[in-house]
Structure formats: C-alpha cells, structure tokens
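These notes are about the structure you will find just below.
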There are 2 protein chains.
Amino acid sequence: MLTPHGASDKAHPTKQSTAPMATDRTRAAILNAAEQLYAERGFSEVTLRDIVAAAGVNLAAVNYHFGSKDELIAELFVTRSIATNRERLNELKAAEENGGGRAPIEAVIRALVGPTLRGCLGPDREGATAARFMIRASIEAVPPIRKIRNREISHLRRFAVAMQRSLPDIPEVDIYWGLHFALAMAHQTIRDSERLDKLSNGLCDLDDVEGIIARVVTAASLALTTKRPTTATAKAQRA
Amino acid sequence: MLTPHGASDKAHPTKQSTAPMATDRTRAAILNAAEQLYAERGFSEVTLRDIVAAAGVNLAAVNYHFGSKDELIAELFVTRSIATNRERLNELKAAEENGGGRAPIEAVIRALVGPTLRGCLGPDREGATAARFMIRASIEAVPPIRKIRNREISHLRRFAVAMQRSLPDIPEVDIYWGLHFALAMAHQTIRDSERLDKLSNGLCDLDDVEGIIARVVTAASLALTTKRPTTATAKAQRA
DNA sequence: TTGCAATTCAAACAGTTGTATGAAACTATC
DNA sequence: GATAGTTTCATACAACTGTTTGAATTGCAA
C-alpha cells in the first residue's frame, strides 16, 4: 500500500486490525500550515512547497496523506465550513430560545455575521486564521471549493427562515436581499478593511469588532424593516 | 529596435519622424481578448497563451507590445479605471448641478454604485466586460494592480466629500462607513449574484438593474440617515 | 526597386508547478 | 530479532508558466 489519503478501506475510519495510523502529526502540520498560508496569501500565491516548508515535512507527504492539492484544500474548506456554520447556528439557536422561538431580526443577523467578523477582525487572534481562510475561499473560489460551496446555500436558507419568522410581514424577496446585503457588508469589511482604513485616515476603528458588528446589523435591519421608496419615487430620484 | 511597449521615446506619443506605428491592430486585439478572458475567468485562470489564441496573434506579441504580462494587466486596469471613474464623476457632477452644488445623498450613492452595477448586471452587454474586469481586479488584487489601486482612494474621497456636503450633520466616520457599505453591497451583488439567485430560487430578479441600484441606494442611505442605536442599546441587543 | 525599421513568427528558454517513484526509515506485532 | 505494514524522504517527471531569441515578413520612404 502506498496511498492512504482518506477512506482507503470500507467501513470504520477507526483503527483496523493491523494498526495503521501512528501519529497523524504530519497530517495535522500540513493542515495547519496550509490554512495559515492560504489565509494570509491566498490560494494562487501559495505552492505545495511553501506549505511543506512551513510544516516542516516532505513534499511528497501532501500527496501521500491527501491525494492531491485539491483534496487538501477541499478537506480544509469542509472542516472550517462545518465549524463556522455550527458557530452561527449556536448563536441563532440561543437567540431563538431567548425569544421563545422567535428571535429579533437584529439577533438573527448578528448570529449570521458575528462569528466571521469576530474571527477575522478581533484582536484576539484565536480562530483568526480559520475565519480568514474562509474569506479567502469565498473570494478566490478555486475549483475544489466551488463544488462544495453549494452546501452553503442550504445553510443560509436556515437564516432566511429565521429572518422571515422574525419579520412575518416582510415579503420573502426582501428577506433574501437583506440577508445578502448583511453578508456583503460583513464580508467586504473583512476583505477590504485596509482600503476603509486608508480612506478614512484611520477614523474607522477596525479593532472595535462589536462596534462593526453593530453597524452591519443595524444597517441590514434598517434595510429590511424600513419600507423602501416606491418605484415612482425611485424613478424620480434617478432623474 | 526590438521593444516599443509603451513610451519608447520622450515627448509625444504621436508619430515621430520615421513613422513607427503602423496599425496597432494586434495591440488592440490583445487588450480586448485579455480583458474579456480576465473578466470571465479571473487572472489566475488565464495564461498568455489563452490570450494570444483568443486574439489570433503570436505569443511574443504580448511582450513586444507591452513588455510583460504585468504591464499588460496594469495598462488594462489603468484604462478601465479612468473610464469608470469618469463615468461616476459625470453622474455625480450632474446630480450636484441639479441641486445647486448639493446633491441628495441618494443621488451621490447612485453615482457611486450605478455605473458598475449597470455595466455588470445590465442585459445590455455593452461595457459589461469592462465592468466585470474591474470587479475581478478588485477581487483578486494581483500584484501589478495592487500598486495602482491606491489612486482609487483619492477618487473615493471625492464621493465622501459629496456625501458629507449632502449630510452636514452626520459625523464624518459614519460617512465613510456608509460609503464602504454602499460599495460592499454593490460589489457583492455583482460578484455573488449566482448565490443570491440560488438562495432565493430565482425570486431576486438580477436582471432588474435599476431595481437593484434602488435597493443598494436605499439601504445605504438609510444606514446613513437613521440614527443607529446607542452603545447601550447595542450592548443590550448583544445579550 | 531598394533599404531600413517595425512588426510578426516559430522555436526554444529557464523557472515553477503538482505529482509520481522507489528506496530508506520507522513502528509494532509475531 | 525478524517481519510486514506504515510513513518518510530525495529525486525525478511531465506539464505548464512568462519570457527571450533570431530569423522571416511586412510596411513605408527614398
């Protein structure tokens, strides 16, 4: 046997008869190094040689443990995706239980954008690389990720439902736009925080994560709850 | 002589003594093909060989006319950047003249996000590749572009000033956040229109460009003009 | 037409990429 | 301690990248 890289046998991923897996230390080292490098430089700027150098392992280890570069990226993305989604859902569930199954819209949006914003912008660097990796993944959308990414839709749908529950009178289409805008603001703030910092001459405090979250939540909530101008009004504005 | 690629001589870019430039047809063909391919596939997925194949020219023509791949990208970006900025400023100027030097905030934001949204999402495909190229450029931020991109800041500052003029009572920091959020929503809508379409099961009409612009403008204006919750309120919401 | 520069072209270059190979080193069971 | 499995390692491979080269071809002025 020369290639384990995942499900080699059929049933249990646990130890089989003749004890195969010894340490998994190099496997973990590769995952950590890859996540870190991808998060800070982006996929197209990081080679397998960069990764193995940072991990202190041999070049062939990647293909031995993961099969290919793409499968490494995919595993990274799946793992982090699950973690992020769980974080979001926990916050959502807590908010819904607080309100007897119906959370205020602000809490729903906060559950949606909070974890990622905290992870990426927070001064505490714990989980920062994980969050930044996810941002990279959503920015570059490299082929191995693109295939998996569709699952995110069903995850987001849960939040759309929660939002609809908390705003029963808002048309469904507006819910989707609100969700979309909330993610857009959170996302872009992470990705382009440098530009905002320069543009405002440092006036926008990007270390005040909770303040930023509040801004995003407020803006998205307002867009949802305030009736937007009618088509006639909009047309007049355009003129 | 073997390399013209831009400013070979000193003063005039017009014809010099011994008539140099004959047709510039291949040069234009390269620019068009490159813009198109970069716009639809992204920088990291397009090679010079792809470009010259699409342009119907020889591989060496790129280095002959532009010097290097990076200089080709840079020229493309500078050209399109100037065009986009001019479009925005024209719309802003028109709006300001309409209101005697003080345009309503909606008009300012519309001038900021309108041209790009129209270019990328409009059913009329004229200028679509140009706008999409700019989006790619801002997404991938490849090295040759990163250097030039700082100029965009001073361009955006003009809009910050216009916004401040139309909302004199709003704190400066809020102006920057509003500008940032407006761009974020417009930008993400272009980049991830596919996800929104899937998430909403086609409910969000992405062909209705003016409707989308109205949504972005309204959301951003609301975020600017509606007093956001005080810190105490926000804190209570977080709990 | 002749001559000279600008332009095009096929081919090759040097560097980097992800992947594959086969031998060595290790680990744990017998 | 021998053995069979795994993991590691140095190295090679084939494919692809942007770039260069030098010879052909073109276009225009004399």
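So you know, we letter chains A, B, ... as the sequences are listed, proteins then strands, and number each from 1.
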(message) Just the rounded figure in Å: distance from C1' of D:dA10 to CG of A:L48.
(response) 17 Å

(message) If the cut-off is 4.0 Å, is B:T26 near the phosphate of C:dT8, judged by side-chain N/O to OP1 or OP2?
(response) yes

(request) For A:A60, answer base if it contacts any base atom (sugar-phosphate contacts may also be present), sugar-phosphate if it contacts only those atoms, and nothing otherwise; contact means non-hydrogen atoms under 4.0 Å. (result) base

(message) Just the rounded figure in Å: distance from P of C:dC9 to CG of B:N63.
(response) 15 Å

(request) Starting from P on D:dT21, measure out to OH on B:Y64 and report it in whole angstrom. (result) 15 Å

(request) Check A:R132, A:R136, A:R80 against A:E35 for a salt bridge (charged side-chain N to carboxylate O under 4.0 Å, His left out) and give me the one that passes. (result) A:R80

(message) What is the separation between atom CD1 on A:I51 and atom C1' on C:dT17, rounded to the nearest whole Å?
(response) 12 Å

(request) Round to a whole Å and report the spacing from CG of B:N58 to P of C:dT7. (result) 15 Å

(request) Heavy atoms only: give me the nearest A:P115-A:R110 pair and the separation to one decimal. (result) CD-O, 3.9 Å

(message) Classify the ring geometry of B:F133 against B:F77: parallel below 30°, tilted from 30° to 60°, perpendicular beyond 60°.
(response) tilted

(message) How many whole angstroms separate atom CZ of A:R27 from atom P of D:dT6?
(response) 15 Å

(request) Classify the ring geometry between A:F159 and A:H155 as parallel (under 30°), tilted (30 to 60°) or perpendicular (over 60°). (result) perpendicular

(request) Mind calculating the distance between CZ (B:R49) and P (C:dC9) to the nearest angstrom? (result) 15 Å

(request) Return the value, rounded to whole Å, for the distance between atom NE2 of A:H65 and atom C1' of D:dT7. (result) 6 Å

